[in-house]
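Below is one structure, written out as structure tokens, with a few remarks after it.
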2 protein chains.
Amino acid sequence: MSLLVVGSIALDSVETTTARRDNVLGGSAVFFSYAASYFAPVRLVGVVGEDWPAEHTALLQSRDIDTSGLQVVPGEKTFRWRGKYLPNMNDRETLEVQLNVFERFDPVLSEDCRRSSILFLGNGSPTLQLKVLEQCVGATLRVADTMDLWISTQRDELNALLRRVDGLVLNDAEARLLTDDDNIVRAGHKVREMGPKFVVIKKGEHGALFFSEHETYVMPAFPTPDVVDPTGAGDSFAGGMMGYLAERGNFEPRTLKEALAYGTLVASFTVEDFSLDRLRNMERPDLERRMDEYRRMLSF
Amino acid sequence: MSLLVVGSIALDSVETTTARRDNVLGGSAVFFSYAASYFAPVRLVGVVGEDWPAEHTALLQSRDIDTSGLQVVPGEKTFRWRGKYLPNMNDRETLEVQLNVFERFDPVLSEDCRRSSILFLGNGSPTLQLKVLEQCVGATLRVADTMDLWISTQRDELNALLRRVDGLVLNDAEARLLTDDDNIVRAGHKVREMGPKFVVIKKGEHGALFFSEHETYVMPAFPTPDVVDPTGAGDSFAGGMMGYLAERGNFEPRTLKEALAYGTLVASFTVEDFSLDRLRNMERPDLERRMDEYRRMLSF
């Protein structure tokens, strides 16, 4: 099935306790599409400025990601994010956000994009996400991500979005904020009652929770000792998950569960280096080997 | 196999955002022995004061827990702990600790106790734990718990203990403190290198991690929406785990993994009410039903 992602494309500057990287390739749509590309062809829609290095586009194309929806705007600068991780490598502080060209991002989808079977709405305001959703008439599965910023500032638009998507992916703090419930299990079901058929709550190093009408389950994170930079873990989790669904071409409960497992494992590779550096050295067989280990780990 | 636990016995006062209970039955050895009693006969060794309600002893005896090692000291008061949970129900603040009679606890084990096959050293100083260990000559499996207080104040004694136990159970913050490593996977292996053949790191609502020379795995917590009071979750986790090992009578890797799962599930019941109130209404078939659900949850 064809998979479309619309979201942010960024140049990230990341500081951990032991290292730092400036202006490296990042953004929700980038991590998502790279992760999804292990499973199925992906179309990426996003916007960058004239400071965007062409090599980044080439890298995405090398994974057969369709970048024809990547708009380069002359005279503008690419979205930039700067953050610092606390020693636990799970919590972070955002030091600087320059929305730049992403602030006025208002994509008009191509005919091909409109007919994508699966749509993922990455980081962006609910207003933007709704606009994309309306264009994407062919999608049989529509999943969105959201963030604390939108929960606090665009609640009505977010509520409207939630009534129109099949799935929502968000992190634990966001789920608590959205539902005003501190119990993450209750919070997950409350989000589901706002509209989506299923909800995935990401807990970083503690894994992810899945909620649908008939199912509630946990997927623990893969316990890697090599956490170098968690940036993009959540987006590559979503990319691995949605990519696997596109590969399989069905959204049965069993497929969804396998998809969550693949998402979990792609994310476990992502965190092992900065930016996309670890994924650049990962091939599908590496992922399958880790999947074997993960299945063994969870069976008893 | 015979199972012995030596640890604290307490009267707890607990406050959550919605309720409070004063002077209810608690303590590491109490939660441990009650949880273990679903699987195997348990001998409990501990000390209380003359304020100890006899009904508590009767309750433990009703589960076939051997309380002949429970010492009641006239003129003394029982160990008391008072704490308050934060809204997330995972973090807590200790408001008051009165060690009382537990401060001078120096148990002399009976002949029966000395010959127990499995020994669990619950909450107590490493000095106390070492004294018990030396008496318990018959034990083929010796597992200890430890706490931040002892890591900070009795490091040498703790190191001596670690060289002599087969297993250690501690929480994530304690593992980080003990190893000075923020990555919990590396921390687990570092603790193991200090002596124990296996290490279990408890992560509260996020489950537990297991480390041995050849294995590293995660057991997620069972996602219950009814978290009323997490007090005793860690001790009943250990009780369920050790009780199952005693029932099975072997410590093979596969048995250990099943034991961790049983510990996880007993703890998931414990948190559903204050003190032992939920466990008092739980029978082995309830546990087995939840185990079926848990296995289904983890298989894909």
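Convention: sequence-line order gives letters A, B, ...; per-chain numbering from 1.
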(request) Sort out for me which of A:Gly188, A:Ala221, A:Pro225 touches chain B most, counting heavy-atom pairs under 4.5 Å. (result) A:Pro225
(message) Heavy-atom cut-off 4.5 Å, strictly under: side chain, backbone, both or neither for A:Ile184 against chain B?
(response) side chain
(message) Can you tell me which portion of A:Leu86 sits under 4.5 Å from chain B's heavy atoms? Options are side chain, backbone, both or neither.
(response) neither
No hydrogens needed, just list the donor-acceptor pairs between chain A and chain B under 3.5 Å.
from     : atom 1 : to       : atom 2 : distance (Å)
A:Asn183 : ND2    : B:Pro225 : O      : 3.3
A:Arg186 : NH1    : B:Pro225 : O      : 2.9
A:Lys203 : NZ     : B:His206 : ND1    : 3.0
A:His206 : ND1    : B:Lys203 : NZ     : 2.9
A:Pro225 : O      : B:Asn183 : ND2    : 3.2
A:Pro225 : O      : B:Arg186 : NH1    : 2.9
A:Lys257 : NZ     : B:Arg296 : O      : 2.8
A:Lys257 : NZ     : B:Met297 : O      : 2.8
A:Lys257 : NZ     : B:Ser299 : O      : 3.2
A:Arg295 : NH1    : B:Phe300 : O      : 2.5
A:Arg296 : O      : B:Lys257 : NZ     : 2.8
A:Met297 : O      : B:Lys257 : NZ     : 2.8
A:Ser299 : O      : B:Lys257 : NZ     : 3.2
A:Phe300 : O      : B:Arg295 : NH1    : 2.5

